[in-house]
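Reviewing the structure listed below.
For reference, positions follow the sequence shown, starting with 1. Just so it is clear, the model here is predicted, and its values are computed rather than measured.
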Amino acid sequence: MEEKQKQALFLERIQEVVKNAAQNGNTISEEDLLASFADLSLSSAQMEQVREYLKNGGIGIGEALPIEEVLSEEEMNHLAEYEALIEAIEVPSDNILDAVKLSAMAGEKEAQKRLVEYSLRKVVDIARLYAGQGVYMEDLIGAGNERLLTAVTQLAPLEKPDEVDGYLGRRIMDAMEDLVAVNLDEKAAEKAVEERVNLVADRARELAEELGRKVSVAELAREYDMDPEDIQEAVRLSGNAIGDIG
């Protein structure tokens with residue numbers, strides 16, 4: 001397998017692991033983790049880097065990390081303040097709540113507004129599942145609340161009030177997963193750029209040390225069987241900071 005293909009597959013597997021972990025309370029088993037990278041023949045050191053990456057992303061291996069370990073002090077304070085506000089909202093009995101859900105399903109605006117208020121705790125509980133995945137808790141809650149406002153107006157197809165909680169929960173999770181996925185794609189793109197620049201810089205340094213001078217793009221491409229356009233792109237991405245290429 002070519003190095004470029006291996007790197008692309010590695011990033012794809014990382015994304016899959018993070019997504020699957022998010023659906024499993026931000027955890028992944030050691031067995032599933034090893035199976036995800038089995039065909040890439042990663043070294044022990046590389047697997048440790050994967051584990052460290054997952055930990056830094058708030059993902060526990062075998063068991064979920066305590067939320068205190070994945071949120072900053074500022075985020076914990078914000079979460080505590082928000083939860084205190086939500087606790088002040090009195091949720092009615094099941095019978096009354098079902099009546100509110102039925103009215104919301106029928107399109108009554110006041111009932112939909114009340115259902116949003118009663119569902120804010122659900123948003124926070126789901127946001128906790130996605131904590132530490134590179135998106136601020138405040139942004140997760142904001143995305144969940146925004147999707148909730150839309151979802152309560154789309155309950156008409158449901159048949160029974162006991163279907164409402166599951167529907168709203170799925171829509172809230174979709175919003176947070178979308179936010180995490182965008183962040184992950186951005187991080188993956190940044191990582192790919194960094195690795196490309198480092199690879200070209202390392203090989204340019206090796207050849208420059210061997211020749212005792214700066215090297216040209218053509219020399220580097222010929223020596224390492226690299227695409228000259230890839231080298232030029234790496235130089236551009238580095239801000240022309242690869243000093244061994246003249």
Side-chain angles (χ1 to χ4, degrees), residues 11-12 14-28 53-60 64-89 91 97 100-101 104-105 107 109-158 161-192:
L11 290 173
E12 181 181 318
I14 280 285
Q15 291 177 340
E16 290 176 357
V17 166
V18 171
K19 182 176 181 179
N20 291 337
Q23 297 173 343
N24 191 41
N26 270 4
T27 62
I28 183 171
Y53 172 84
L54 294 177
K55 181 179 179 181
N56 291 337
I59 295 174
L65 296 174
I67 194 168
E68 293 80 8
E69 290 189 19
V70 298
L71 294 185
S72 66
E73 182 178 354
E74 180 181 357
E75 286 183 288
M76 286 298 297
N77 290 338
H78 175 80
L79 179 60
E81 291 174 1
Y82 191 76
E83 287 181 319
L85 292 175
I86 293 175
E87 290 299 331
I89 299 174
V91 179
L97 185 56
V100 171
K101 291 176 181 178
M105 292 164 62
K109 298 300 182 183
E110 183 60 30
Q112 291 172 352
K113 179 181 177 181
R114 291 173 63 190
L115 185 56
V116 166
E117 294 178 354
Y118 300 152
S119 302
L120 292 177
R121 164 54 62 184
K122 184 188 302 292
V123 174
V124 174
D125 290 341
I126 294 175
R128 282 174 169 268
L129 299 177
Y130 293 90
Q133 294 190 37
V135 179
Y136 288 118
M137 177 63 69
E138 182 177 0
D139 293 335
L140 287 170
I141 293 174
N145 286 343
E146 184 176 344
R147 188 64 60 88
L148 175 62
L149 286 169
T150 301
V152 295
T153 67
Q154 300 171 337
L155 301 176
L158 302 183
D162 58 7
E163 296 176 354
V164 170
D165 285 342
Y167 175 79
L168 295 179
R170 288 191 299 273
R171 296 297 304 279
I172 293 167
M173 290 185 74
D174 287 344
M176 295 184 190
E177 284 185 6
D178 289 346
L179 195 59
V180 169
V182 168
N183 177 73
L184 187 61
D185 288 343
E186 291 175 352
K187 294 295 184 183
E190 292 173 2
K191 184 66 174 178

### Query
Given Lys101, which of Asp165, Val152, Leu158 fulfils the side chain to side chain contact (heavy atoms under 4.5 Å, CB included) condition?
Asp165

### Query
Just wondering, more than 12 heavy atoms not from Glu163 lying within 6.0 Å of its CD?
yes

### Message
I'd like to check the side chain to side chain contact (heavy atoms under 4.5 Å, CB included) partners of Glu138; sequence neighbours left out, ordered by chain and number.
### Response
His78

### Task
With sequence neighbours excluded, tell me which residues meet salt bridge (charged side-chain N to carboxylate O under 4.0 Å, His left out) with Asp178.
Arg147

## Note on the structure
d(Ile172 CD1, Ile141 CD1) to nearest 0.5 Å is 11.0 Å

### Query
Out of curiosity, Asn145 CG to Leu140 CG, how far, rounded to the nearest 0.5 Å?
11.0 Å

### Task
Could you tell me the separation between the OG1 atom of Thr153 and the CG atom of Leu149, rounded to the nearest 0.5 Å?
9.0 Å

#### Entry: With Glu177 via side-chain hydrogen bond (donor to acceptor under 3.5 Å, both in side chains) - residues at least two apart
Tyr130

### Message
Holding to side chain to side chain contact (heavy atoms under 4.5 Å, CB included), I want the full list of residues that pass it with Glu12, two or more places apart in sequence or in another chain.
### Response
Leu9, Glu16

### Message
Just to verify, what does Ser72 make a side chain to side chain contact (heavy atoms under 4.5 Å, CB included) with, not counting sequence neighbours?
### Response
Glu74, Glu75

### Task
Any chance you could measure Tyr82, atom OH, to Ile86, atom CD1, to the nearest 0.5 Å?
4.5 Å

May I have the list of side-chain donor-acceptor pairs in residues 114-128 shorter than 3.5 Å, sequence neighbours left out?
{"residue": "Arg114", "atom": "NE", "partner": "Tyr118", "partner atom": "OH", "Å": "3.3"}
{"residue": "Arg114", "atom": "NH2", "partner": "Tyr118", "partner atom": "OH", "Å": "3.3"}
{"residue": "Ser119", "atom": "OG", "partner": "Leu115", "partner atom": "O", "Å": "2.8"}
{"residue": "Arg121", "atom": "NH1", "partner": "Glu83", "partner atom": "OE2", "Å": "3.4"}
{"residue": "Arg121", "atom": "NH2", "partner": "Glu87", "partner atom": "OE2", "Å": "2.6"}
{"residue": "Arg128", "atom": "NE", "partner": "Glu83", "partner atom": "OE2", "Å": "3.3"}
{"residue": "Arg128", "atom": "NH2", "partner": "Glu83", "partner atom": "OE2", "Å": "3.1"}

